[in-house]
Structures are given as C-alpha cells and as structure tokens.
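To find a chain, count down the sequence lines: A is the first, B the second, and so on, and within it residues start at 1.
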Amino acid sequence: MSYRLPGGALIDRQTPLTFRFDGKHYSGFRGDTLASALLASGVGLFGRSFKYHRPRGLLTAGSEEPNALVELRAGARREPNTRATVTELFAGLEAHSQNRWPSLACDMGAVSSLLSPLFVAGFYYKTFMWPAAFWEKVYEPAIRRAAGLGRASALPDPDTYERVHAFCDVLIVGAGPSGLAAALAAGRSGARVMVCEEDFILGGRLNGDRHEIDGMSGAAWAQQVESELASLPDVRILRRTSVFGVYDGNTFGAVERVSDHLPAPLPREPRQRLWKIVARQVVLASGAIERPVVFGGNDRPGVMLASAVRTYLNRFRVAAGKRVVIFTATDDGWKTALDLSDAGIAVQAVVDVRTEVAPELLACSKRLEIRVLLGSRVVETHGFQSLRGLTVLDARGHSERLQADALAVSGGWNPTLALTTHLGGRPRWGQDICAFVPGDLMRGMTVAGAARGALTLAEALSEGDQAGREAAEQAGFRAPLFVPGRADDERRAIAPFWYVPESKGKAFVDFQHDVTSADIALAAREGYRSVELLKRYTTLGMATDQGKTSNVNGLAILASLTDRPISEVGATVFRPPYAPVAIGAFAGRHRGKEFMPTRLTAGHLWAQERGATFVEVGLWLRAQWFAAPGETDWLQSVTREVKAVRSSVGVCDVSTLGKIDIQGPDAAAFLDFIYANTFSTLAIGKVRYGLMLREDGFVLDDGTSARLRQDHFLLSTTTVNAGKVMQHLEYALQILRPELDVQIVSVTEQWAQYAIAGPNSRRVLERLLGDSLDISAAAFPFLACAEFSWRGAPARLFRISFSGELAYELAVPATEGEAVLRALMEAGAEWGIVPYGTEALGVMRIEKGHVAGNELNGTTTAADLGLARMVSTRKECIGCVLLNRPGLLDPHRPALVGVKPVDRRARLHAGAHFLSHGAPVALNHDQGYLTSVAFSPMLGHWIGLGVLARGRDRTGERVRAFDPLRGSDTEVEVTSPVFFDPDGLRLQG
Amino acid sequence: MALDSVIVSPREGLGIATVLTRKGRRADLALRVRESLQIELPDGPHRAAAGEFAMIGTGPSAWLALQENGGNGFARALKAALGDAASISDQSAGYVVSRLSGSNVRDQLAKVVPVDLHARAFAVGDAVSTVAGHMNVILWRLEDEPEGSAVFEIAVFRSFAESLRHDLTVL
C-alpha cells in the first residue's frame with residue numbers, strides 16, 4: 001500500500017531508487033530519506049527500543065530522531081545507529097533494523113518488557129549489589145552482552161577521511177530561513193561566509209512547511225537565495241555538514257558527510273571531512289526541534305511529531321496515515337491538520353489540551369469539517385506494532401476511543417541551542433515559548449530566529465538579516481541594506497503542557513533510553529532534585545540523541561513533581577559533538593603508515609637496492625641489515641657485516657644522528673654549560689665526546705662535538721634525541737643563559753654522513769678523496785676533523801669511532817649523499833667493503849662497551865655508566881648541582897657492567913633482571929637488569945651490558961639473569977663492559 | 001575539490017642558508033643585507049626579494065636566505081658578505097623547496113596547513129613557519145599567476161619531502 005501522494009518539487013520522481021530494508025526490496029525517489037521512502041511504502045515499524053524492545057517507528061523527520069536507528073550498509077561499511085530520518089536514499093541502499101531477534105516483527109527480547117517493573121531507574125545500582133564478588137564474573141559480562149545498540153563492523157574501515165582548516169569572517173550554522181537571510185546579508189557585504197547545513201537541501205522548515213516568501217513558496221525562495229549565495233566568490237555553502245562543537249579561540253568543529261549519501265565514496269573522495277573552522281563571527285541559526293507530549297503509549301509506531309507529519313507530507317509527499325488525529329498544546333499543531341486536510345487526508349480530530357483557542361482556528365476547522373476536542377488529552381494508544389486508535393479524555397472527564405493510524409503530536413518547540421552551551425553558557429527559561437532559550441553567549445556569537453525562540457517565519461527572516469549584517473560589520477565589512485524576504489505573520493500561541501497525568505500504560509519521556517514518566521517520578525521520590533543527578537540516575541538524555549526530544553519534558557515533569565518552576569530546576573548542558581562524527585574523521589588521514597610522516601635518508605634508494613631491511617628509528621627509516629644472497633637469518637647477515645668491518649672495512653649511514661650548528665662568540669661557553677665535560681679547551685679541528693645531563697643530574701644524551709672554527713661548533717646527538725636536545729638547547733639559551741651571544745640551528749638535514757670503519761678504512765678514503773685532504777695517521781689523527789672542498793661541494797671528515805675500529809665519518813651535502821655512497825662502494829671494492837646496518841653497529845658498540853639509548857634511559861647517571869670522570873668540577877653545567885644528591889652518589893646504585901653467560905651456548909635477553917645466587921625471586925632482591933645484548937661474532941657467544949648494584953666491584957662474580965617474561969634463567973659472569981680490544985689499539989688502525 | 005589542479009614543482013639548485021643575527025647586530029645585519037643583496041631585511045613573517053635573492057623572516061632574529069641557482073656555494077658567499085653580524089648555516093641540501101600553483105592550491109593546502117591563506121589574510125610576500133601534518137614547514141606566497149591563481153612556495157626538511165609531496169598531491 002503506497003502512502004505517496006502526487007505532486008511535490010523536492011523529490012525527483014524521474015529517478016526511482018530501489019533499496020532493501022531487512023532483506024526486503026522497496027523503492028523510493030531521489031530526494032527521499034530512508035525514512036520517507038519506507039513510510040511511503042507503508043513501513044511503520046523501524047526498530048526495537050533499547051531496554052524494553054518495544055516496537056518503534058518514526059518520531060521525527062530530522063536529525064533529532066531517537067527511534068528509527070538502523071544498521072546501514074554491510075560488511076566493512078556496516079554502521080549501526082544510523083538515523084533513517086537523515087539517511088539520504090541511494091540506489092542499492094541496504095539497511096537492517098537492530099536490537100531484535102530473530103526478526104523485527106517477532107522479537108524475543110520483547111519479553112524483557114514483561115520484567116519492566118524491575119527495570120526502573122537505578123536498576124543496575126539497586127539490583128547487582130550482592131554478592132559483591134558476582135559483579136566482575138557474572139553481572140558485568142551479562143549486562144555487557146545485553147547492552148549496546150547495533151553491531152559495529154569489526155573489519156578495517158575501507159574509507160578515507162580528511163581534515164580541513166577553514167577560516168571565515170562569518171560562520172552561519174543552519175540554512176533555514178534565518179540562516180539563509182543571514183548568509184545573504186553577510187555575503188553581500190563581501191565578507192567571507194561559510195554556511196553549514198546538516199540537511200542535503202537548504203531551507204530547513206521552508207521545505208517541510210507551506211510558506212510563502214515574497215510571493216513564492218518557501219522552498220523556491222530558499223533555492224533562489226542559494227543560487228545567489230553560490231554566485232558570491234567568498235561564500236562557501238557546505239551541505240550535509242553538522243557543526244558539532246564550539247571550542248576556544250572561536251573555533252568550530254564541523255563534519256561534512258561527503259559520501260554518506262553514495263553507495264561508496266567516489267575515487268579520491270573521503271567518506272567524511274572534518275572542518276576545523278575559525279570564524280570571527282558566528283550566527284547560530286540552528287532552528288528549533290519540536291517536542292512530543294508524554295502520554296500513555298506515546299511510543300507506538302504511528303505516533304509522530306506534528307511537524308514531522310508536515311515534513312513527510314509537504315517535502316516528501318508521503319502521508320503519515322490515512323486517518324490522522326492531532327494532539328496539540330500549540331497553534332502550530334493545527335497547521336498539520338490544515339496541511340493534511342488540504343492534501344485530502346482524513347483528519348479525525350484535533351485534540352487540544354487548551355480549553356480556548358483562537359476563533360480563526362475554530363473557523364478554519366469548521367470549514368474543513370475537522371472535529372475539535374478542546375480541553376482534552378490522549379491518555380492511551382491502541383494497536384500492537386502500529387497505531388490503530390487512541391483514547392481521549394475530554395474536559396468533562398469522558399473517555400472516547402478514536403480510530404487513527406497516525407497521531408501527530410505537538411508540545412511546542414525547543415530552540416536548538418546546544419552550541420551556545422559548549423563553552424559554558426547556561427540556557428535560560430523562556431516563559432513565552434515554554435522552552436529554554438540561549439543564555440549568555442560567547443563573544444562573536446549571535447543567535448537568530450527559532451534558535452533564539454523567535455518562532456515565526458517573519459521573525460526568522462528579519463532576525464537573520466539583521467544578525468548577518470551585524471556580524472559582517474563586526475568583522476569589518478560594510479553590509480548594504482536590502483529589504484529582507486517578507487512573510488505573513490503566523491499564530492504561535494502555546495500552553496505549557498508536558499505530560500498527561502491520566503496516562504494508561506507506559507508514557508515515554510526519553511524514547512531512545514526507554515525512560516518513562518514513572519522513572520522520573522521514582523527518582524523524584526528518592527530525592528533526586530538536581531537535574532544533573534536525575535539525568536545520570538535515570539539516563540534521561542544520555543543516549544546518542546542527547547535528549548533532543550526528551551530533556552525539556554523530563555525537566556518539566558521533575559519541576560512539577562518537586563513543586564518548583566522549571567526556571568529553578570535548570571537545564572543540563574550539552575557537550576560536543578552535537579551530531580555523531582565517525583572517529584575516522586577525527587583521525588583524518590593520520591592512520592596506518594600515514595599516522596606520522598616517514599623520514600628518508602639521502603641514501604634510502606641505494607640501501608633499498610642493496611637489499612636493506614629497514615627499522616623505524618623515531619620517524620626515520622634506517623637500514624637494519626643488508627641480507628646478502630643466500631642469507632636467511634638476520635643474525636647470519638649481522639655476523640657477516642661485523643666480521644667484514646672488523647677484518648677489512650664497512651660503511652654505515654649515520655645521517656640520522658642529530659646535528660646542531662652552534663655559532664657565536666660565546667659558543668664555547670655555551671657548550672661548557674650544556675655539557676658535563678669541558679669544550680672551551682677543544683682545539684679548532686678537533687672532536688670531543690660529550691655527555692649532556694638533565695637538570696636533575698641524570699644523563700640526557702651523548703655525542704661528539706667538533707670545533708670547526710673559533711666561534712663555530714657542530715654538536716651531534718643520538719637519532720632519537722635530536723629533537724629533544726634541540727629543545728633543551730633552546731631552553732638553555734633562551735631561559736637559562738640569555739646573555740650568551742650564541743646562535744643555534746639544526747643542520748641534521750643538510751648533511752648526509754657515513755661512517756667508514758675497519759682496518760682498511762683509511763685506504764678506502766685515500767682512494768676516494770685523492771688529493772682533497774691528507775688523512776695520513778700523522779696529519780689526521782684520532783679525533784681530528786676537517787672541512788674541505790670535494791667534488792665541487794663542501795665536505796667534512798671526522799675521525800671518530802663507535803665500532804672501536806679505525807674509523808671516519810664523512811659528511812657531504814644531502815643532495816650528494818647517494819652518489820657518495822656509490823662512490824664509496826666503488827672505492828672500497830678492492831677491500832671488499834660492505835654496507836652495514838644498525839644491528840651490526842649495535843653489536844660492535846656492545847662489544848666495545850659503548851653506551852647507547854638502552855643505557856641512556858633516563859635512570860642512569862654519569863657515574864652509573866662509568867663516566868664520572870667526564871663531569872668537570874671546575875665549571876658549572878646543567879645538572880651539576882642535582883648530580884650530587886645523596887641518592888645519586890649511593891655506592892650501591894646499579895652501575896654499568898658486562899656479562900657473559902657461564903654456559904657460553906646460552907642466549908641472553910635484554911630486560912632480564914639480575915638476582916644474586918640463592919636470593920628469592922622477589923622485587924626487593926632485584927639487583928639490576930640487562931640493558932643490551934648481542935651475539936658477539938668476535939667472541940663467538942652472547943654478551944650483554946647491564947646495570948648491576950655495586951657492579952664495578954663485582955667483576956668475576958656469578959649472578960642469575962632472570963627473565964620471567966620469556967621464561968629464561970641464565971647464570972652469567974660479571975665482566976668489564978669492554979669485551980673486545982680493551983686497550984683500544986684498533987682505533988689507530 | 002579536484003586535486004589535479006594543484007601543481008607541485010620542486011625548485012632545483014637553490015642556494016639556501018639560515019641567517020641568525022648575533023646579539024645586538026640587527027641594524028648592522030640590515031645594512032649589510034641592503035648593501036650586498038639590495039634587500040630590505042623583512043621584519044616579522046614576510047619575504048623580501050630582489051633579483052635572484054630573497055630573505056624570509058622565520059622567527060625572532062631568524063631568516064631563511066635564498067639565491068636562485070646559488071647551490072651550495074651560496075652560504076659561503078653570504079657569510080663573506082654579511083661578516084660577523086649573523087651566524088650563517090648552509091641549508092641548500094637541508095631544505096627541499098617546492099612551488100605550489102594551480103587553481104586549487106589553497107583548498108589543497110587547507111588540508112595540511114592550519115593557516116589562513118585567503119588572499120586578504122595572507123598577502124603576496126607573507127610567510128609563515130608552521131606545521132603541515134606533523135612536519136615543520138616554511139610557507140610563503142609569491143605573486144599570483146597572470147590568470148589570477150595563487151602561487152606559494154613551501155620549504156620542508158629533505159627527509160620529509162616525500163611525505164609532504166604525498167600529503168599535497170595524493171591526499
């Protein structure tokens with residue numbers, strides 16, 4: 001049976017669309033929502049309620065819908081709790097009802113409504129108290145199984161999202177009559193205007209009502225305004241866009257549902273786009289939401305807001321029923337009767353709670369032969385899964401049963417003021433419209449039209465025009481005066497009326513959370529007088545719709561039960577987001593590999609060609625090892641690389657280490673201040689190893705610094721700490737020693753730097769550099785550095801060694817990096833030069849007992865690491881005071897040691913804790929832990945570095961390396977941390 | 001928001017250096033910049049250019065100096081010209097500078113840069129040090145194309161260049 005009527009300009013009858021709901025095929029038109037298309041097909045039942053599994057239909061025709069929540073789409077794109085009322089119909093749409101089993105019509109969960117006397121407010125608090133031990137094991141799992149609405153897809157989201165930063169002079173929230181008038185006034189001034197409208201067409205109520213503006217239909221006027229706005233260069237109209245939050249600094253969050261009205265996003269289009277809008281001025285023209293009346297059986301499918309009935313009728317040309325009753329406390333409700341009657345739908349009666357209404361209304365109903373019941377109320381509805389009839393109690397106390405398949409309810413209009421409360425504004429009670437209206441506003445915000453409580457079209461147009469003009473002028477534009485659109489005055493009388501005390505059966509306040517008037521009464525009896533507590537105790541307004549249709553009724557009932565005026569009870573405030581936003585939209589494109597950017601070295605391509613396996617170090621990708629043909633195991637590759645370096649020569653990309661230029665007359669004094677050891681004595685052309693402390697005395701970072709000129713040092717940091725050290729230096733310079741004339745800047749990216757290590761490294765470099773630089777042992781000793789010109793570019797050479805071998809680091813402009821690597825490999829071919837990665841680098845530094853990130857972990861002091869002698873006592877440096885705290889001088893502190901497994905075949909695991917022999921496995925017997933381990937190719941067994949209590953005095957002792965995580969317990973021997981070449985002879989080559 | 005109308009062209013061969021004034025030497029530096037580069041040292045986040053040279057304010061007492069085709073010899077020459085009024089560091093290889101043009105350049109930049117780039121808010125010659133999706137960038141606006149579309153240049157550290165290109169073109 002079709003409920004579609006002829007006519008209508010806002011649906012495209014030339015474009016029929018077929019879709020499926022619960023597996024059954026239906027069809028609608030372009031311009032329909034899922035709700036209007038189903039309603040047109042005679043579907044009234046959309047879902048089951050949250051708690052009692054009651055059959056539910058449409059309450060509204062907009063984003064405030066609490067009932068008609070469906071699962072949209074399938075597979076990875078399945079989205080639960082999608083409001084059918086705002087879901088734009090597309091061909092092939094697939095939706096399912098939720099919260100029912102096995103089917104919507106026959107839902108076993110509905111038995112829970114038989115237990116409804118149990119499910120009262122505070123049910124969980126009252127019921128699951130005893131025995132306490134049952135909470136975690138029994139109650140909570142059971143509740144979690146029963147709770148929740150809809151099923152989320154557990155599959156990865158196939159869609160993309162993006163974020164946009166936008167700026168404008170005037171942001172207009174809502175494109176109903178007041179928003180359009182505001183946009184026009186502001187846009188004509190030349191101001192940058194953004195208009196955000198959550199619907200897919202502009203016009204708001206103009207599309208749902210029969211209005212006339214300037215002699216044309218409201219909908220046509222909206223289209224005309226839209227085309228003028230589109231012609232203005234600095235006006236941007238965003239449809240399908242909800243402004244969901246207000247943040248500090250005049251910042252607004254909005255989500256644009258770019259592709260939600262399509263089967264799948266178009267290529268290269270995101271599903272949703274998050275707009276961060278910074279607006280000088282904002283005009284809130286978000287309209288108002290009609291509220292229902294609380295009466296017995298008010299949730300039965302077929303009971304609908306009167307304005308929604310008009311929207312389905314006028315915009316979508318769908319009749320909500322064949323025989324309709326109107327139940328109203330407002331003049332506005334009568335409009336529905338007139339519209340329906342004009343469309344040829346039988347209006348059985350207008351039931352108005354007021355004993356007197358305007359004579360025009362009575363005359364009109366008489367003309368249309370509509371029965372009027374004044375001073376009456378609906379106390380009960382009849383039917384099962386759809387409305388069949390209702391019982392009216394009239395002024396004299398007589399009950400009468402009326403036949404109806406739709407009941408249009410009008411309790412008044414609540415301004416949509418959520419955005420005025422996000423920064424702490426409190427709504428105030430507007431007695432004349434019986435609703436809350438915006439209270440204090442943030443600076444730069446004005447509210448116009450229905451959102452302010454000005455409920456007639458004429459007011460909306462003139463207020464919008466004025467607000468738009470003033471906002472533009474506040475933003476510095478001159479807004480010319482135009483005559484705003486003219487509309488006739490409307491009647492807007494209302495009686496304050498919230499609920500029918502004579503109700504029979506459950507009377508719902510919050511449809512989505514199944515909160516009834518009885519729940520509120522119970523809460524009031526139990527002493528919940530505060531609205532905030534009422535909200536939490538009953539869960540009123542805490543569902544996904546944030547109580548858009550329920551809050552005011554709930555508060556009004558509480559007020560009357562506690563004998564207070566509503567203005568005294570106050571209102572709960574709203575928190576962002578006003579409308580649901582996919583989490584993906586907040587993440588934008590920053591997910592997976594795009595979570596953070598990737599930093600690539602100049603030699604990345606070369607390393608790829610050489611078969612490198614990369615490891616993420618901070619944001620960098622570094623070559624971890626280079627597997628040679630035939631190698632199947634990383635340890636095999638790493639061992640080969642180490643042996644090649646120690647026996648001949650290898651090259652390692654060390655470009656990722658932080659490099660900071662330190663210049664200025666006071667550069668040396670600054671380095672003395674930030675390093676524990678002294679740098680002012682360093683000669684030009686020399687490099688020194690430096691140790692940097694935090695203010696609290698612990699080690700921050702280490703690295704070498706080279707003196708290039710009297711007033712120019714180059715400081716190096718570890719890869720991971722490059723940013724942190726730069727920050728530390730900026731702080732030291734700007735805050736601690738602002739008197740120093742020093743300039744610092746990161747030059748990490750300027751230089752590609754390569755370590756050439758091994759006994760043959762000098763030979764390779766001599767071949768490579770030719771006459772550019774004398775690197776003979778005499779001319780270029782250990783810790784020498786030089787700047788020189790090579791291959792037409794500046795170059796630098798440092799004789800430093802992390803591996804313990806004769807070694808150099810060659811720096812060239814990053815643009816030359818790849819070519820230099822290739823040249824190095826060519827020059828070293830005769831000596832079988834190998835590229836080596838960070839693993840081999842790590843193995844060699846462990847063999848040499850050099851500390852690295854694992855040891856510089858924020859808990860170790862210079863003394864712990866055996867570097868106490870580096871801390872100069874003849875000068876002041878960051879950390880030098882707190883370094884001498886008693887706790888840091890304690891001789892029992894864990895200190896750096898080396899360990900070898902007693903059984904040389906045993907493997908070591910970093911993280912294993914040291915325990916003395918015979919000591920119980922307990923935290924208070926912990927003696928320290930293994931920080932770094934490696935298989936030493938030179939020694940042929942595993943070795944490790946660690947920190948051990950009184951470690952330096954315990955060489956030769958045997959302790960347990962106990963690792964409960966990996967289940968190992970290895971006896972180890974404490975040794976010097978330097979395993980290989982303890983006298984450092986190899987440095988000289 | 002069609003993406004095809006954004007053109008990203010890397011600038012090759014630029015000489016790039018950071019210029020940081022030494023203490024109390026700003027006037028001195030301005031004088032030397034005027035004499036050697038014929039540029040009025042910009043105050044604040046702006047770009048000033050003359051001939052092949054440009055100076056871009058990137059922070060308090062900090063500029064990025066550029067020379068068309070200056071390559072990695074530029075920093076040395078600049079140091080000679082400016083003497084000890086400033087500390088100069090070569091960044092010719094450190095930064096990758098790309099020119100961004102096309103009718104959609106502002107919309108595309110709005111996805112990565114949290115800065116108002118509207119013609120009235122960000123004039124020709126304005127510059128900004130900001131972030132583009134976790135990456136530090138320096139962005140400045142050049143003269144519009146003859147047909148009226150905006151032209152920007154963006155500098156990012158070399159290791160990030162591929163990620164930035166991806167953000168500006170693929171997304």
Side-chain angles (χ1 to χ4, degrees), chain A residues 160 162-169 192 234 258 268-270 273 275-276 278 588-590 594-602 604 619-621 655-656 661-667 711-712 738-752 792-794 812-817, chain B residues 1-4 12-13 16-25 60-62 71-73 75-76 84 86-96 107-122 132-136 156-164 166-167 170-171:
Chain A
T160 59
E162 70 182 28
R163 294 181 55 171
V164 181
H165 304 275
F167 300 82
C168 62
D169 298 308
R192 255 198 292 172
D234 268 333
V258 181
R268 303 180 77 184
E269 281 285 0
R273 184 177 287 137
W275 291 81
K276 193 196 96 182
V278 178
R589 61 218 155 72
H590 297 295
E594 287 168 342
F595 181 63
M596 292 289 262
T598 303
R599 301 179 76 175
L600 302 179
T601 64
H604 186 78
L619 300 180
W620 290 98
L621 287 185
S655 304
T656 60
D661 248 1
I662 300 188
Q663 301 192 65
D666 298 325
D711 61 354
H712 187 179
E739 76 283 3
L740 295 180
D741 187 2
V742 174
Q743 293 75 44
I744 61 174
V745 64
S746 168
V747 292
T748 305
E749 298 269 6
Q750 166 68 18
W751 300 97
V812 295
T815 41
E816 312 297 313
Chain B
M1 285 199 186
L3 302 168
D4 309 320
E12 307 287 349
I16 308 172
T18 46
V19 177
L20 307 170
T21 15
R22 293 203 168 170
K23 246 185 183 13
R25 303 290 298 277
S61 319
N72 49 37
R76 185 181 297 256
D84 62 357
S87 292
I88 316 281
S89 294
D90 188 4
Q91 300 280 17
S92 304
Y95 283 107
V96 172
D107 282 344
Q108 190 60 19
L109 274 171
K111 295 183 192 176
V112 287
V113 179
V115 175
D116 189 355
L117 299 176
H118 188 269
R120 284 198 295 270
F122 196 76
H134 301 291
M135 293 172 272
N136 292 318
V156 68
F157 277 139
R158 178 163 299 272
S159 68
F160 289 110
E162 179 51 32
S163 284
L164 182 66
H166 178 80
D167 281 13
V170 177
L171 296 167

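- Across all non-hydrogen atoms, the minimal contact from Thr21(B) to Ser61(B) is OG1-CB, 2.9 Å.
- Every residue two or more places apart in sequence or in another chain was checked for a salt bridge (charged side-chain N to carboxylate O under 4.0 Å, His left out) with Arg76(B), and none qualifies.
- Across all their heavy atoms, Ser87(B) and Gln743(A) have their closest contact at OG-OE1, 2.6 Å.
- In this structure, chain A has a heavy atom under 4.5 Å from the side chain of Glu162(B), while its backbone stays farther away.
- Only the side chain of Trp620(A) comes within less than 4.5 Å of a heavy atom in chain B; its backbone stays farther off.
- Counting only heavy atoms from C-beta outward, the side chains of His590(A) and Arg163(A) never approach each other to under 4.5 Å.
- At a 4.5 Å heavy-atom cutoff, the contact between Asp234(A) and chain B is made by side-chain atoms alone.
- For a residue to count as touching a neighbouring chain, one of its non-hydrogen atoms must lie under 4.5 Å from one of that chain's; by this rule Ser89(B) touches chain A with backbone and side chain alike.
- Only the side chain of Arg120(B) has a heavy atom closer than 4.5 Å to any heavy atom of chain A.
- The two residues Asn72(B) and Pro813(A) come nearest to each other via the heavy atoms ND2-CG, 4.0 Å.
- If you measure heavy-atom distances from Thr601(A) to chain B, you find no contacts under 4.5 Å at all.
- Between chain B and the options Met596(A), Arg192(A), Lys276(A), heavy-atom pairs under 4.5 Å are most frequent for Arg192(A).
- With a 4.5 angstrom heavy-atom cutoff, Ala121(B) touches chain A only via side-chain atoms.
- Although no hydrogens or angles enter the test, the distance criterion places a donor-acceptor pair under 3.5 Å between the side chain of Ser92(B) and the main chain of Ile16(B).
- Most heavy-atom pairs under 4.5 Å with chain B: of the set Gly792(A), Gly817(A), Pro665(A), Ala166(A), this distinction falls to Pro665(A).
- For the options Ile88(B), Asp84(B), Leu117(B), heavy-atom pairs under 4.5 Å to chain A are most numerous at Ile88(B).
- For Val112(B), the parts sitting under 4.5 Å from any heavy atom of chain A are the backbone and the side chain alike.
- Side chains of Phe157(B) and Thr748(A) form no contact here, defined as non-hydrogen atoms less than 4.5 Å apart.
- Options Pro270(A), Pro597(A), Ala814(A) differ in how many heavy-atom pairs under 4.5 Å they form with chain B, and the most are formed by Pro597(A).
- A heavy-atom distance below 4.5 Å is not found between the side chains of Asp666(A) and Lys23(B).
- Between chain B and the residues Leu740(A), Val278(A), Val742(A), Val812(A), the largest count of heavy-atom pairs under 4.5 Å involves Leu740(A).
- Ranked by heavy-atom pairs under 4.5 Å with chain A, the first of Ala110(B), Gly73(B), Gly133(B), Ser163(B) is Ala110(B).
- Counting all heavy atoms, side chain and backbone alike, Ala602(A) lies closest to Ala752(A) at CB-CB, 4.3 Å.
- Of the atoms belonging to Ile744(A), it is backbone heavy atoms, and not side-chain ones, that fall under 4.5 Å from chain B.
- Of the possible donor and acceptor atoms, none in the side chain of Arg273(A) sits under 3.5 Å from a partner among the backbone N and O of Val258(A).
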